Structure formats: structure tokens, C-alpha cells
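Just so it is clear, the structure is predicted and the values come from calculations on it, not from any experiment.
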Amino acid sequence: MPPPSSSTPAVDAATRARRAFECAADDARANDLDAMFAARAIPTNLRDECGNTLLHVACVNDALECAKVIARRCVYASHPPERGYLTSQNADGETAGDAAAVGGAERCARWLGSLGVGRDDRAADRRNRSRGGRKSGEATPM
């Protein structure tokens with residue numbers, strides 16, 4: 001069978017998106033993720049089927065180098081910076097800071113805190129109340 005010709009369609013958008021999310025979860029692939037952004041192979045507003053941004057995925061996996069690439073490309077590449085991206089919520093109302101805190105991703109949680117964003121305790125309280133739970137910081141009955 002002959003090799004594919006140069007007229008073969010490029011990798012489709014769904015495949016590029018899947019690769020981007022795989023890269024975002026693994027600090028060893030931060031350079032690959034950066035190259036995808038540089039080549040404009042993926043949009044900065046990319047989300048998965050659960051509404052997670054690339055930053056959500058990086059933070060839940062404590063992939064700090066990937067999170068920094070994502071912030072540089074999706075937040076600080078525009079003037080003024082698109083800081084709303086840092087607090088974007090997924091379908092469950094969770095921000096990347098929430099994902100980092102819940103997943104125990106300490107490096108990403110600290111880094112987001114240094115940017116002035118982090119876990120949204122109000123959102124966590126709303127989710128807990130809707131599930132019949134307690135507010136953050138509420139004492140456990142004895």
C-alpha cells in the first residue's frame with residue numbers, strides 16, 4: 001500500500017483536542033502542548049464533554065508546567081489578560097482551583113493562589129448543600 005499523499009487531510013479537530021487533554025495531564029508533555037498552541041492546532045477555549053478546560057485537567061493532575069503553559073497561552077497572551085479563564089467553571093460548577101483542591105494537587109493549588117485565584121469555597125458550599133452536606137468549616141456533630 002502506498003504511503004499517504006500530502007493531500008491526506010490533517011489530523012481532525014477531535015483528535016487534536018484529545019491529544020491536548022492528554023498533554024495537559026502530563027508535565028512531561030508541556031512542550032508538546034505549547035507547540036499545539038503555537039501552531040494554532042487547538043483553540044484557547046477548548047473544553048471536554050464535562051465542560052473542563054485544559055487548565056482543569058492540568059490542575060487535577062498537578063501538572064504545574066502544563067498549567068503555566070495554558071495560562072500563558074489562554075490568559076496572558078491577550079491584552080488585557082483574559083483572567084476570567086482562571087475561574088471558568090465546568091458543568092459541575094467547579095473551577096480549576098476547585099479541581100486542584102479536591103484532587104490534592106498542592107503545587108497547582110498554591111500556584112493558582114499566587115495568581116489571586118483558587119478554590120471557590122462558595123461554590124463548594126453550594127454543591128455540598130445541594131447534596132445535603134455541610135458548609136466548609138462547619139463542625140462535624142459528635
Inset, instruction - Please say whether more than 12 non-hydrogen atoms of neighbouring residues, nucleotides or ligands are located less than 6.0 Å from CD in Glu106. - result: no
Legend entry - Separation between CD1 of Ile70 and OG1 of Thr44, rounded to the nearest 0.5 Å: 11.5 Å
Inset, instruction - Only one of Glu82, Arg83, Lys68 passes side chain to side chain contact (heavy atoms under 4.5 Å, CB included) with Tyr76; say which it is. - result: Arg83
Inset, instruction - Before accepting this row, confirm whether a basic side-chain N of the pair Asp34/Arg72 lies closer than 4.0 Å to the acidic partner's carboxylate O. - result: yes
Inset, instruction - Calculate, to the nearest 0.5 Å, the distance between atoms CZ and CE belonging to Arg29 and Met36 respectively. - result: 8.5 Å
Legend entry - Atom pair CZ/CG of Arg16 and Leu46 - distance to nearest 0.5 Å: 10.0 Å
Inset, instruction - Report yes if some heavy atom in the side chain of Leu55 is under 4.5 Å from a heavy atom in the side chain of Leu86; otherwise report no. - result: yes
Inset, instruction - Taking all non-hydrogen atoms of both residues into account, name the closest pair between Leu33 and Ala20 and its distance. - result: CD1-O, 3.8 Å
Inset, instruction - Could you check if a side-chain atom of Leu54 sits within less than 4.5 angstrom of a side-chain atom of Ile42, using non-hydrogen atoms only? - result: yes
Legend entry - From Asn52 atom CG to Glu94 atom CD, the distance as rounded to the nearest 0.5 Å: 8.0 Å
Inset, instruction - Mind listing the closest non-hydrogen atom pair of Ala100 and Cys108 along with its distance? - result: CB-CB, 4.2 Å
Legend entry - Reported CG-to-CD distance for the pair Asp26 and Glu65, which is rounded to 0.5 angstrom: 12.0 Å
Inset, instruction - Could you tell me whether a side-chain N or O of Asp27 sits under 3.5 Å from a main-chain N or O of Cys66, the two making a donor and an acceptor? - result: yes
Inset, instruction - Answer with yes or no whether the hydrophobic clustering places Val117 together with Val60; edges join I, L, V, M, F, W, Y residues whose side-chain heavy atoms lie under 4.5 Å apart. - result: no
Legend entry - Within 6.0 Å of CZ in Arg107, more than 12 heavy atoms from elsewhere: yes
Legend entry - Closest heavy-atom pair and its distance - Cys59, Ala96: CB-O, 3.6 Å
Inset, instruction - Taking the side chain as every heavy atom from C-beta outward, state whether Arg47 and Ser88 have any pair of such atoms under 4.5 Å apart. - result: yes
Legend entry - Any Trp111 side-chain heavy atom under 4.5 Å of Asp62 side chain: no
